[in-house]
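All values derive from a computational prediction rather than experimental measurement. Atoms considered below: every heavy atom in the structure, side chains included; atoms not considered: hydrogens, waters and symmetry mates.
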Amino acid sequence: MNLANISNLQLRELCRKAQQHLYEISRACGSDVLPQYKIIEHGGEFSCGVLVRIKVHVDLPSRPVVKNIKAQEPVTLYFPLGGDFDLQVYSGRKDFPRLSHVMRRGKSGVAELCLFRTSLADWLAGKSFEDIIYRIRQWMADAAAGLLIKPDDPYEPLWVPMNGSIVEMDIDAAKCKRIPWQATAYECRAEGRRYYRISEKGGALSAKVFYCGDVRPEPWSIMPRLISDIEEMFASAGFNISSDIKSSNSKPDLSRFLLVLGVKRPKEILGRENSDEWIAFLFERKKTKKGALIGASKKDKNKNLSDDDIWEIKCVPVRSVFTQQLAQTTSGWNKKTNDDKQIAIIGAGALGSKVIMNLARSGLTNILIIDKDIMMPHNLARHELDSDDLGHAKAERLERRINAMYSSMAMASSFCKDVLVHKNELCKKLKSCRIVIDLSASKSVQSVLSNLRRENLISCPVVSAFLGDSGKLAFLFIDGKSKDLTADVLEAELISKHKELSCVKQWLNSGEDILQAGGGCRLMTTVVPDTLITHSAGWISHNIANLLATDNSWPDEGTIGILEMTQQNQLLSTSSKWIHVQLPKWFSSQGWKVCLPKYIEDWMKQRCGEAGRNETCGIFLGVIDRWSNIVFVTNAWGGPDDSTGDTIECKRGRKKLRRKLKDNLRDSGYMEWYAGEWHSHPKGSTLASSTDISTSQEIASRLKEFGIPAVLLITNGSDVGAYAFTHDT
């Protein structure tokens with residue numbers, strides 16, 4: 001937009017802003033005279049703005065370190081049109097000293113003062129012109145005293161404007177190369193920007209990388225504008241590039257090339273994660289008015305052209321490609337272990353895909369993604385993948401996405417088979433993994449993993465996560481160190497809490513909203529808002545990342561995490577609970593296994609002690625896994641009021657027991673069943689007597705139609721024995 005073509009409305013806005021600013025600035029400067037101003041055209045985001053020239057008084061120190069700061073410094077303020085929270089501050093002198101926090105702009109090298117180390121808009125919000133003038137005076141006084149950089153400040157690098165270009169490079173890999181490293185660069189263009197990615201070979205652009213590993217404390221104070229300045233900069237690091245430039249001059253087909261320089265500074269660079277400062281120079285051969293390359297013809301060779309006549313120089317900032325270390329630093333993930341073993345994640349659905357990408361962006365790149373499903377149209381509502389991935393295996397496309405993100409170290413892999421069918425292949429895949437994360441929300445997959453771990457077919461612990469109550473609840477199961485403390489044990493423990501925790505009862509009794517997705521009765525999906533899935537995925541990912549950031553030890557206890565999301569007055573609130581589970585005791589009998597939690601074992605022993613020499617009895621409840629033949633004991637009750645016991649035997653009563661069992665079964669979502677009987681043998685053996693056996697066989701015959709055994713627990717006050725009886729025992 002040209003000043004001659006701006007609308008009257010915009011011109012009036014500029015004049016109004018100018019008059020308002022002038023009055024406030026003169027008051028802030030303590031002057032009755034309005035400062036000079038003019039409306040100018042400016043190349044940038046804002047085409048026009050108000051330029052105000054003022055003089056500020058500087059409180060100079062008695063012994064200034066920088067002697068070229070004056071008691072009255074001319075300063076230029078620029079207010080762009082439309083930028084309410086935008087301000088640029090320049091020195092009014094061309095000979096302003098070269099200092100840190102001073103950026104040279106334009107061909108004239110006008111000095112822009114960097115007054116703030118935060119967002120300019122945030123700093124200006126709520127500030128007056130008195131605050132701005134005071135900040136300029138304070139900055140000038142600090143500059144004169146040599147205090148712009150504090151002792152604890154990081155090293156101030158040369159400010160390099162983007163100008164639509166950037167060089168990406170694996171800096172750690174480049175430093176390991178033989179210097180100078182003759183490399184290539186791929187050029188990518190996107191929305192007017194150019195990205196040059198340095199690589200070993202294959203790029204169309206020639207590139208040469210120089211790195212000085214010796215500490216160079218002397219800063220690059222000003223942006224090089226001539227080739228001689230660039231040669232001087234490289235020479236300060238111990239490199240001579242004159243021959244490289246002369247060699248490029250003699251290659252008529254060479255229209256562009258890159259020179260990259262890195263030096264080690266005495267301390268960490270401001271805004272970087274290390275002490276290396278990098279800069280790149282793009283040499284582009286100039287063209288005549290007719291489009292011919294200068295210096296490429298025989299006539300040009302006879303003209304004795306200088307290097308600056310042939311090449312146009314662009315200074316380009318250098319940034320590290322996205323590496324594992326950069327991801328960890330950016331995410332604030334303080335990894336304390338060097339264990340880079342593979343992490344297996346089963347389930348790449350809506351929740352799984354988000355957790356996978358969260359962990360990948362945190363620097364966990366060695367991921368094995370296991371899922372047999374194909375990306376379908378209805379998945380687009382909540383999945384990390386997009387429409388380009390429709391019809392493809394979810395695991396393969398997530399693998400591809402992670403490896404594209406970390407181009408320098410592609411480590412993600414996929415396994416697109418049914419884990420319930422290919423268990424042997426699954427075991428081989430999981431054998432060398434550090435951890436298995438089950439996000440399949442499948443009871444059968446959970447049982448397979450738990451059994452594989454109990455049978456020592458996989459040695460790593462398992463972390464399981466799933467959603468409940470239409471996304472309002474998220475659960476996280478963290479296996480204990482022992483192979484006997486697995487996800488199915490933790491799930492049974494969670495079910496036992498339905499009396500104590502209303503959210504567990506709500507989960508067990510809530511019916512999920514199911515949506516028919518088309519393609520048959522089995523192709524269905526649960527109705528859950530993506531916002532709730534995203535919230536849960538962040539909570540799950542954060543806790544898993546924290547687990548993996550510790551050393552190689554794993555907690556002995558199992559852990560259950562519950563994230564509860566509630567909505568009141570259209571506002572979402574969250575709360576979390578953690579339950580720690582001790583190692584249970586396991587028994588085997590008649591092809592069945594019994595899992596007895598320690599606190600129930602201790603309770604039975606206590607009841608035995610309280611009864612003295614008399615026997616006491618009751619029943620216990622449990623979650624029964626008929627597929628794996630496991631009874632998980634979840635609760636134990638004392639006998640009803642009509643129970644009797646003496647030193648010889650006890651007889652468990654029935655008063656109100658049937659109603660109590662029905663109510664408990666309903667409250668537990670029909671998950672916690674009657675599982676068997678318990679009684680005590682004070683000071684005796686935990687072996688079952690003939691009476692115990694005949695009674696248990698009678699109960700087993702009644703339970704035959706349910707396909708479950710009659711389990712008998714016997715305690716003598718110091719130990720517990722367990723026996724399972726089936727109808728054909």
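- A donor-acceptor contact closer than 3.5 angstrom is absent between the side chains of Asn403 and Arg400.
- Salt-bridge annotation for Asp386 and Arg401: present, with a side-chain N of the basic residue lying under 4.0 Å from a carboxylate O of the acidic one.
- Annotation: ring-ring contact (aromatic ring centres under 6.0 Å, His included) contacts of His679 (sequence neighbours excluded): His681.
- Remark: Phe415 engages no residue in a ring-ring contact (aromatic ring centres under 6.0 Å, His included) (not counting sequence neighbours).
- A side-chain donor from one of Asn546 and His542 sits under 3.5 Å from a side-chain acceptor of the other.
- A ring-ring contact (aromatic ring centres under 6.0 Å, His included) with Trp678 holds for exactly one of Phe620, Tyr723, Trp637, Trp603; it is Trp603.
- Side-chain N/O atoms of Glu672 and Asn664 include a donor and acceptor closer than 3.5 Å.
- Between the side chain of Asn509 and the main chain of Asp667, a donor-acceptor pair closer than 3.5 Å is present.
- Using a cutoff of 4.0 Å between basic side-chain nitrogens and carboxylate oxygens, Lys660 and Asp663 are not scored as salt-bridged.
- By the side chain to side chain donor-acceptor pair (under 3.5 Å) test, Lys417 is found to be paired with Glu425, residues two or more places apart in sequence or in another chain being considered.
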Run the side-chain donor-acceptor check on residues 344-357: report pairs under 3.5 Å with partners two or more places apart or on a different chain.
{"from": "Ser353", "atom 1": "OG", "to": "Gly349", "atom 2": "O", "distance (Å)": "2.9"}
{"from": "Ser353", "atom 1": "OG", "to": "Ala350", "atom 2": "O", "distance (Å)": "3.2"}
{"from": "Ser353", "atom 1": "OG", "to": "Glu384", "atom 2": "N", "distance (Å)": "3.3"}
{"from": "Lys354", "atom 1": "NZ", "to": "Arg382", "atom 2": "O", "distance (Å)": "3.1"}
{"from": "Lys354", "atom 1": "NZ", "to": "Asp530", "atom 2": "OD1", "distance (Å)": "3.0"}

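- Take Asp719 and apply the salt bridge (Lys or Arg N to Asp or Glu O under 4.0 Å) test, not counting sequence neighbours, and it matches Lys585.
- Aromatic ring centres of Phe466 and Phe477 lie closer together than 6.0 Å.
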How far apart are the C-alpha atoms of Ser447 and Trp627, what are their side-chain angles, what is the distance that settles it, and do they pass the side-chain contact (heavy atoms from CB on, under 4.5 Å) test? CA-CA 9 Å; Ser447 296; Trp627 189 65; 3.6 Å; yes
Atom pairs and distances, side-chain donor-acceptor, residues 645-659, under 3.5 Å, sequence neighbours left out:
{"from": "Asp646", "atom 1": "OD1", "to": "Ile648", "atom 2": "N", "distance (Å)": "2.8"}
{"from": "Asp646", "atom 1": "OD1", "to": "Glu649", "atom 2": "N", "distance (Å)": "2.8"}
{"from": "Arg652", "atom 1": "NE", "to": "Glu677", "atom 2": "OE1", "distance (Å)": "3.1"}
{"from": "Arg652", "atom 1": "NH2", "to": "Glu677", "atom 2": "OE2", "distance (Å)": "2.6"}

